[in-house]
Structure formats: structure tokens, C-alpha cells
Amino acid sequence: MADKMSGLQKAAVLLIALGPEKSASIFRYLKEDEIEELTLEIANTRSIAPQLKDDIINEFYQVCLAQQYISEGGIGYAKDLLDKALGEERAQQVITKLTASLQVRPFEFVRKTDASQVLNFIQDEHPQTIAMILSYLSPNQASMIIGSLDAEKQADVAKRIAMMDRTSPDVIKEVESVLERKLASLANQDYTIVGGVDAIVSILNTVDRSTEKHIMETLEVEEPELADEIRKKMFVFEDILLLDDRAIQRVLRDVENSDLAIALKGSNEEVKGAILKNLSKRLAAMIEEDMEFMGPVRMKDVEEAQQKIVAVIRKLEDSAEIVISRGGGDEIVV
């Protein structure tokens, strides 16, 4: 019976079975047209046989399980585990159903490999190949690898990541087969967008300061416009939470009160609290009063004020007056 139902009908039955509270929380992640279709289908569903409900819940569980296995080790890994759990025929049905709509990220097996081992695989490859692979890795993993490359390769790879736009699936497949011959191709037939400025910013925000500085200094000579674009995105205002209280206090000494009030007007409560607690009670009260009475502020003005504070932070970091905690790359000697 469940096999003859459409995906919409199954989704409606599943939401009914989950109950109103869980269904409402799921609705928050759906588009308006999807909510309308599901609401109509739920309204038209009169009764559900207990066996049908169990079958649909079990099918949903199997798909979730398959998706988890794919994220852990790729399609081949998922298929092996599902074969043992569900049998070969049912496992193939679940995988086929899932991969029809799921974009599986290329180089998934590399993401599950220790960064030092990946480095051994790719350090002698062409910088463009290294850049493509790093674009698919997590910032932490990519930062460790780029920090371990030869100095002359670091800036070259960073530049190629930042300037990368689209990569042919044939190229992705070829590189994947070199690194893992037994892994089936995970690339889509459409061109896959990877890399870009945001990718290299994430990496540089995680890499150690000396590597970052070397890469940025080289880019400033070879690609000044690109370097400027990267620098603007490298440390956002909310990253002030990476500073300890002493560093925040040092930063605030170089910040105009008017800029601070406008910057905080558009910040979240966590950032606002971290800054206000590092001001004197009198000054904190004055800043809060300014924020309350200044009325609505244009987002452009907020961003400009926040950028001024970010510039102060970067200047103080460059002069070694403060240290930004980058989660593993920097070492503080006491």
C-alpha cells in the first residue's frame, strides 16, 4: 500500500503520525507552497491504518539512516551497511531514492581522512588540483594542509581557491579516481560551484597567523584587489567574541563612543553583552542610553561603524597588542 502512495501523501501521513508539535517545528523549514500542499493533503487524509503508519515511519527511518551513512563515508559505505541491515534489494531501493534528490559532496572520503594523510596524497600535485581539493574540505582540515605546504605554494593555492568558480565534473571525477580508485563518482552532471573568496576566507581565519600573513602579503603584491576583498571578509564584527576581556578592553580604548553605539545597534545580544561588560558601568549605561534614543539606524551606517571597529582590531593584532584565538593555529607563550 505504501509503495503506491506519492511522496506528498507519505509526508502527510508522517506528519500526522509525528503529532502537531513536531510537525509544526518541521514546517518552519519548508517553503510556503510546500506547507500549503501538505496542509491540504493532511486535511484530505481521513484515516490511517496502523500498519500503513508503521510502514511509512519505517521507510522514513531507513532514508534517514542512509543519509547518515552517506555523510559518514559516502555512497559505497552506506550501501555496504544497508545491505547488512535491510538486504541487498531494499538497500538499493533506499539508496536510489535518496541519491535521486541528494547532492552528494565530492571528495567525501577525503573529508573523513586525517589531514596529515591527505597532505601526503596531494602535496606534490599541481597547485590548481590542490586548490580544488581544499575547496571541498572543512576550513579546519584545509587550513592545516595549506599551512604545511611549501611557502611558495601557499599563496599560489590560496589565490587559486579564491579565484575558482566552476569545475567540470569530469575533472572532479578524474582527481577523485586518482585519490580513491574504488570510490564511485559523486559529482553531479551540472557544473559544481566551489571555492571563491568565502572559501579562502574560512581557511585563512583558521590557519596560523604566520601562514595567513605570508599569503596575504603575497596576494597584496600579485592580486591587490583580491587581497583587499579577502581582508574585508576575514574578521567580521561578531568575531570580537574570539577576544578575551583584556583584548576587548584594549580595542575599546581606540573606538569612538558614537561608532560603538551604532555598531552595537545592529549586533546580537551575545556580542553586545561581551562589549558592555568590558566598559565601566557609567560608560555602558551611556552607550545603552544612546542606542535607545538614537532611533532606527540604516544598516549601511551600522556596517560602517562595525567595520571601523574591525579595522582597529586588525591593526592591534598586526602590532601584537592583542591576540585573536583562532582555534588551534596560534600558540600563546606565557
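- Rounded to the nearest 0.5 Å, atoms CD1 (Ile322) and CG (Leu316) are 5.0 Å apart.
- Side-chain contact, Gln51 with Asp55: a donor N or O sits under 3.5 Å from an acceptor N or O.
- Counting heavy atoms from C-beta on, the side chains of Leu260 and Ile275 come closer than 4.5 Å.
- Here the straight-line distance linking atom NZ of Lys265 with atom CD1 of Ile287 works out to 12.5 Å at 0.5 Å rounding.
- A 4.5 Å side-chain heavy-atom check between Lys277 and Asp245 finds at least one atom pair inside the cut-off.
- Proximity of Leu276 to Leu264: side-chain heavy atoms (C-beta onward) are separated by under 4.5 Å at one or more points.
- Note that the CG atom of Leu241 and the CG atom of Asn268 stand 6.5 Å from one another [nearest 0.5 Å].
- In this structure a side-chain-to-backbone donor-acceptor pair under 3.5 Å is missing from Asp150 to Glu152.
- The neighbour count for Glu238 CD, taken as heavy atoms of other residues, nucleotides or ligands under 6.0 Å away, is above 12.
- The local environment of NZ in Lys315 is sparse, with at most 12 non-hydrogen atoms from other residues, nucleotides or ligands closer than 6.0 Å.
- Shown here for Leu134 and Ala142, the closest heavy-atom pair between the two residues is O-CB, 3.9 Å.
- Ala305 and Ala263 get closest at one heavy-atom pair: CB-N, 3.8 Å.
- The heavy-atom pair separating Val157 from Ala131 by the smallest distance is O-CB, 3.9 Å.
- A salt bridge does not link Glu303 with Lys300: every distance from a Lys NZ or Arg NE/NH1/NH2 to an Asp or Glu carboxylate oxygen is 4.0 Å or more.
- With a 4.5 Å cut-off on side-chain heavy atoms, Val255 and Lys308 do not count as touching.
- Heavy-atom neighbours of Glu225 CD from other residues, nucleotides or ligands within 6.0 Å: at or below the threshold of 12.
- Taking CG of Asn278 as the start and CZ of Arg253 as the end, the distance is 11.5 Å to the nearest 0.5 Å.
- Lys272 has its side chain within reach of Met291: a pair of non-hydrogen atoms, C-beta onward, lies under 4.5 Å apart.
- The two atoms that bring Ala155 and Leu219 nearest to each other are O-CD2, 4.1 Å, heavy atoms only.
- Side-chain contact between His126 and Arg160 is present, with at least one heavy-atom pair separated by less than 4.5 Å.
- No more than 12 heavy atoms of other residues, nucleotides or ligands lie within 6.0 Å of CD in Glu256, so this atom counts as exposed by the packing criterion.
- The hydrophobic cluster around Val302 extends to Ile262, Met294, Val297, Met299, counting ILVMFWY residues whose side-chain heavy atoms fall within less than 4.5 Å of a member.
- Heavy atoms only, all atoms of each residue included: Leu243 and Val323 are closest at CD2-O, 3.8 Å.
- In terms of modelled atom types and a separation under 3.5 Å, the side chain of Asp254 and the main chain of Arg250 share no donor-acceptor contact.
- To the nearest 0.5 Å, the span separating CG on Asp228 from CE on Met216 amounts to 8.5 Å.
- At least one donor-acceptor pair closer than 3.5 Å links the side chain of Gln154 to the backbone N or O of Ile146.
- With values rounded to the nearest 0.5 angstrom, Glu270 atom CD is found 12.0 Å from Ile240 atom CD1.
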Give the C-alpha distance, both sets of side-chain angles, the deciding distance and a yes or no for side-chain contact (heavy atoms from CB on, under 4.5 Å) between Ile130 and Leu149. CA-CA 10 Å; Ile130 298 174; Leu149 294 174; 4.2 Å; yes

